[in-house]
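Since the structure comes first, as structure tokens, the remarks are kept for the end.
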Amino acid sequence: MSKRLTTYRGKTLRELQELSLDEVVEFFPARQRRSLTRPDYWNHERKKLLNKLKKAKQAMDQGRQIVVKTHIRDFVILPEFVGLTVEVYNGQAFSPIEVTFDKIGNYFGEFSHARKVVKHSAPGIGATRSSMFVPLK
């Protein structure tokens, strides 16, 4: 039984990492392609985050683990960052994201949920007309 290779649009991780940024962008879906090719996408904050992620990748290659914290939720995950841990702010706390091969081409914000799951229990006082006449214990 042969081991199945994981590919992203026909390219393995090693092949994607060897490509330049402009060549990798061609493999992404239209929304990510449009974001990455806009001139205002690479502003000061994103360039700073990109440099931090590259430094963390170099440190990971040397055997050290560096966690990068960011507030930028609309940053596209690139193939060169596979294996890094990024903590993304969700409005309340930083949630850690382990960048894997499956997450390439998605945004950081997709993995750091900003809203809690709504869990309803019993109706409260004043929720319905009949609950106004329920005696309080």
Problem set entry | Verdict with reasoning, Val99 to Thr85, per side-chain contact (heavy atoms from CB on, under 4.5 Å) | CA-CA 6 Å; Val99 180; Thr85 301; over 6 Å; no
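- Residues passing the side chain to side chain contact (heavy atoms under 4.5 Å, CB included) test with Phe28 are Tyr8, Val24, Gln32, Leu36, Val76, Leu78, Pro79, Ile104, sequence neighbours excluded.
- With hydrogens and angles disregarded, no donor-acceptor distance shorter than 3.5 Å links the side chain of Thr12 to the backbone of Thr7.
- The CD atom of Glu45 lies 13.0 Å from the CG atom of Leu50; values are rounded to the nearest 0.5 Å.
- Nearest heavy atom pair, residue Tyr41 against residue Phe75, reads OH-CA, 3.3 Å.
- With hydrogens and angles ignored, the 3.5 Å screen pairs no side-chain donor or acceptor of Glu18 with any backbone N or O of Glu15.
- Here the straight-line distance linking atom CG of Asn51 with atom NZ of Lys48 works out to 10.0 Å at 0.5 Å rounding.
- Partner of Glu87 under the side-chain contact (heavy atoms from CB on, under 4.5 Å) criterion, chosen from Val67, Thr70, Val68: Val67.
- Side-chain atoms of Met60 and Leu84, non-hydrogen and from C-beta on, do get closer than 4.5 Å to each other.
- Looking only at side-chain heavy atoms (C-beta outward), Lys116 and Gln92 come within less than 4.5 Å of each other.
- Taken together through direct or relayed side-chain contacts under 4.5 Å among Ile, Leu, Val, Met, Phe, Trp and Tyr, Val88 and Ile66 form parts of separate hydrophobic clusters.
- With hydrogens and angles left out, the side-chain atoms of Tyr89 and Ser95 include no donor and acceptor closer than 3.5 Å.
- Of the charged side-chain nitrogens involved, at least one lies within less than 4.0 Å of a carboxylate oxygen, so that Asp74 and Arg46 count as a salt-bridged pair.
- Put simply, the side chain of Arg73 never gets that close to the backbone of Phe111: no donor and acceptor are under 3.5 Å apart.
- Atom NZ of Lys55 and atom CZ of Arg64 lie 11.5 Å apart (nearest 0.5 Å).
- Leu53 and Val86 make their closest contact through CD2-CG2, 3.8 Å (heavy atoms, listed as atom of the first residue, atom of the second, distance).
- Atom CD of Gln65 has more than 12 neighbouring heavy atoms from other residues, nucleotides or ligands inside a 6.0 Å radius.
- Within the 4.5 Å cutoff, no side-chain heavy atoms of Lys69 are placed close to those of Pro96.
- A side-chain donor-acceptor contact under 3.5 Å links Glu23 to the backbone of Ser20.
- Side-chain contact between Phe108 and Ile72 is absent, with no heavy atoms from C-beta onward closer than 4.5 Å.
- Side-chain contact check for Phe27 versus Leu19: some heavy-atom pair is nearer than 4.5 Å.
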For this session: Show your working on side-chain contact (heavy atoms from CB on, under 4.5 Å) between Glu110 and Lys103 and close with a plain yes or no.
Result: CA-CA 9 Å; Glu110 294 180 45; Lys103 296 178 182 175; over 6 Å; no
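- Side chain of Ser112 to main chain of Gly109: no donor-acceptor pair is present (N/O by atom type, distance under 3.5 Å, no hydrogens or angles).
- A 6.0 Å sphere centred on NZ of Lys52 holds no more than 12 heavy atoms belonging to other residues, nucleotides or ligands.
- Cation-pi geometry between Lys57 and Phe81 is not met: the NZ or CZ atom fails to fall both under 6.0 Å from the ring centre and inside 45° of the normal.
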Exercise. Can you list the steps and then say if Leu13 with Thr6 is a side-chain contact (heavy atoms from CB on, under 4.5 Å)?
Worked result: CA-CA 8 Å; Leu13 178 61; Thr6 308; over 6 Å; no
